[in-house]
2 protein chains.
Amino acid sequence: MVTGSEADAVAGAGAGAGALYRRVAADLREAIAAGEYGSGGRLPAEQALAAHYGVSRGTIRQALAALRANGLVTSRRGTRRVVLGTTRVQSFSELVSFTSWARSLGEEPGGRVDRIERRPATAYEREQLRLPADGEVILVLRARTLSGQPVMVERSVYPLWVGELVARIPADAVSHTEPLQEQGVVFADADHTIDLAAADADDARLLGCDLAAPLLRERRRSTDPSGAPLECSEDRYMPGTVAFTVHNSLAGSALTRRQAAP
Amino acid sequence: MVTGSEADAVAGAGAGAGALYRRVAADLREAIAAGEYGSGGRLPAEQALAAHYGVSRGTIRQALAALRANGLVTSRRGTRRVVLGTTRVQSFSELVSFTSWARSLGEEPGGRVDRIERRPATAYEREQLRLPADGEVILVLRARTLSGQPVMVERSVYPLWVGELVARIPADAVSHTEPLQEQGVVFADADHTIDLAAADADDARLLGCDLAAPLLRERRRSTDPSGAPLECSEDRYMPGTVAFTVHNSLAGSALTRRQAAP
DNA sequence: GCACCCGAGTTGTATAGCCAACCTCGGTGC
DNA sequence: GCACCGAGGTTGGCTATACAACTCGGGTGC
């Protein structure tokens with residue numbers, strides 16, 4: 001947008017997310033995606049945007065910081081911001097949840113629980129889930145499909161209080177995060193580690209690939225808003241079905257390279 | 001820190017990076033890494049930190065936003081921040097540059113240019129590097145080692161003005177980004193796509209693996225501070241040598257899942 | 001003993017203003 | 001034609017303030 005002459009552009013953009021700066025950010029995202037400034041084009045100055053949206057410069061800067069973190073625009077002292085790309089940005093739920101990701105692509109996601117077991121936590125799991133020495137966990141092994149095609153095997157390890165909720169979900173439920181959310185279990189932060197793994201017997205059986213076939217592996221540890229560990233999962237994807245993308249920049253980044261564990 | 005009673009803790013922490021909030025952030029990072037608040041412990045309130053460091057609450061919030069983006073602390077309305085992890089955070093250069101990453105781990109990085117060619121850009125490269133229809137590029141194929149062991153094959157495609165600088169670097173130079181930086185070529189933003197690829201003849205020869213062996217692939221597009229494309233690279237890692245880690249949260253994230261290209 | 005409510009503490013959002021650092025571009029001088 | 005300089009425009013950084021929204025624990029009332 002940023003074309004009209006009135007200052008109520010934000011109100012006109014609809015009551016999106018509550019915060020003002022989020023609505024401004026969403027509007028700018030749309031404008032960029034629509035190619036309103038072109039690729040490599042320049043954004044209006046902060047002051048101009050502030051005047052247009054009828055908000056303070058601080059609010060505009062908050063909105064622009066979000067766009068910058070997503071790799072949509074550059075940002076350097078002395079020059080107007082430059083459009084880097086028009087990449088559509090996915091919401092957090094599309095990241096943590098295979099289901100909402102698939103749906104946002106127009107694909108038909110599916111899932112089927114293969115096995116649930118309750119057992120003592122391994123040392124690794126105790127550390128990740130911050131459990132005591134005699135802590136127990138619930139492991140859920142689940143095959144995930146895209147339009148009927150098996151695409152990923154998910155091994156999620158939950159602390160008991162979450163696992164017991166998960167165990168009550170029907171085995172062929174498409175989504176697990178949605179029913180959990182309804183019961184007040186909210187995923188807020190996640191750490192991901194991406195590398196490569198060889199298919200074991202379960203993977204081969206559920207994905208229909210050979211034993212020891214190479215798979216793209218994503219290990220994930222999720223916490224709720226209070227920082228309490230909710231889940232510790234290992235997902236293995238069939239090659240050629242998904243890729244992970246990350247943006248980072250000089251001014252703060254979330255991506256790191258790591259030496260693989262032995 | 002946050003233990004003394006004086007307000008000049010920042011000055012005492014040494015003249016690190018110029019900006020105040022960066023120094024505060026660095027100091028808090030250290031304190032967290034030292035386990036000063038424990039894992040799952042609570043940080044002091046913003047006001048307390050502001051008083052301690054002798055800065056305004058706004059500056060403290062800037063510092064804390066950086067920690068939060070790196071997944072070190074949570075952040076929700078109504079409660080003090082909670083320490084999520086003590087993950088060491090790498091600088092941007094350790095991400096874009098294999099060399100500084102390896103050095104920060106105490107490993108001995110190496111590199112050897114295998115081949116340099118100048119050729120017309122493919123359609124994909126023209127789009128990524130924003131080149132005209134008859135644009136040309138310089139391709140550099142390079143093997144990278146860790147303590148002598150071949151670990152990664154790097155295929156970097158540069159626009160001519162960068163490629164000509166790269167071509168002047170000795171074939172066995174350890175780092176390419178450092179000499180480039182000295183000549184004013186600064187990497188500021190990068191988009192990464194991570195998936196899996198099969199080794200081709202070059203990979204097999206340089207890495208000593210079988211043809212079609214599975215490799216972890218990272219495709220990268222880097223731009224300079226003005227948003228001008230600098231590089232468009234495809235790196236292939238031997239399995240078990242590196243993993244990529246990412247943090248994301250409800251409040252803005254850089255990671256996305258993508259459907260693999262056909 | 002239990003549910004409820006209220007209030008203190010804390011972070012989120014928004015505003016306003018100031019100065020420094022920096023980039024760009026046009027004009028000047030040679 | 002070329003190098004240099006400077007003015008204006010723009011973002012980065014920092015401060016101060018105010019209020020809203022939320023968490024959590026303790027006290028009250030039943």
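Here is how names work: the chains are called A, B, and so on, in the same order as the sequence lines, proteins then strands, and each is numbered from 1.
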Name all residues meeting the salt bridge (charged side-chain N to carboxylate O under 4.0 Å, His left out) criterion together with B/Glu234; count only those two or more places apart in sequence or in a different chain, and write none if there are none. B/Arg217, B/Arg236
Pairwise salt bridge (Lys or Arg N to Asp or Glu O under 4.0 Å) hits with a residue in residues 174-186 of chain B, at least two apart: B/Arg103-B/Glu178
With sequence neighbours left out, the residues meeting salt bridge (charged side-chain N to carboxylate O under 4.0 Å, His left out) with B/Arg77 are none
Is B/Gln47 atom CD crowded by more than 12 heavy atoms from other residues, nucleotides or ligands, each under 6.0 Å away? no
Under the side-chain hydrogen bond (donor to acceptor under 3.5 Å, both in side chains) test, residues paired with B/Gln128 that sit two or more places apart: none
Those residues at least two apart in sequence (or on a different chain) that pass side chain to side chain contact (heavy atoms under 4.5 Å, CB included) with A/Thr122 are A/Arg119, A/Tyr124, A/Glu125
Extract, from 5' to 3' on DNA chain D, the first and final nucleotides lying under 4.0 angstrom from some heavy atom of chain B. D/dG13 to D/dC24
Give me, pair by pair, the N or O atoms of the protein and of nucleotides 5-7 of chain C that are less than 3.5 Å apart, along with how far apart they are.
none

Enumerate all atom pairs, one protein N or O and one N or O from nucleotides 9-13 of chain C, separated by less than 3.5 Å.
{"residue": "C/dG9", "atom": "N2", "partner": "B/Gly78", "partner atom": "O", "Å": "3.1"}
{"residue": "C/dT10", "atom": "OP1", "partner": "B/Arg80", "partner atom": "NH1", "Å": "2.5"}
{"residue": "C/dT11", "atom": "OP2", "partner": "B/Glu46", "partner atom": "N", "Å": "2.9"}
{"residue": "C/dT11", "atom": "O3'", "partner": "B/Arg76", "partner atom": "O", "Å": "3.4"}
{"residue": "C/dG12", "atom": "OP1", "partner": "B/Ser75", "partner atom": "OG", "Å": "2.4"}
{"residue": "C/dG12", "atom": "OP2", "partner": "B/Arg61", "partner atom": "NH1", "Å": "2.7"}
{"residue": "C/dG12", "atom": "OP2", "partner": "B/Arg61", "partner atom": "NH2", "Å": "3.2"}
{"residue": "C/dG12", "atom": "OP2", "partner": "B/Arg81", "partner atom": "NH2", "Å": "2.9"}
{"residue": "C/dG12", "atom": "O4'", "partner": "B/Arg77", "partner atom": "NE", "Å": "3.1"}
{"residue": "C/dG12", "atom": "N7", "partner": "B/Arg57", "partner atom": "NH2", "Å": "2.9"}
{"residue": "C/dG12", "atom": "O6", "partner": "B/Arg57", "partner atom": "NH1", "Å": "3.4"}
{"residue": "C/dT13", "atom": "OP2", "partner": "A/Tyr21", "partner atom": "OH", "Å": "3.3"}

Can you name the side-chain hydrogen bond (donor to acceptor under 3.5 Å, both in side chains) partners of A/Thr74, sequence neighbours left out? none
Please enumerate all residues that pass side chain to side chain contact (heavy atoms under 4.5 Å, CB included) together with A/Glu164, with sequence neighbours excluded. A/Arg118, A/Ile138, A/Leu160
Partner residues of B/Thr79 under the side-chain hydrogen bond (donor to acceptor under 3.5 Å, both in side chains) criterion, sequence neighbours left out: none
Restricting to pairs with a member in residues 43-63 of chain A, which pass salt bridge (Lys or Arg N to Asp or Glu O under 4.0 Å), not counting sequence neighbours? A/Glu46-A/Arg57, A/Glu46-A/Arg61, A/Glu46-A/Arg81
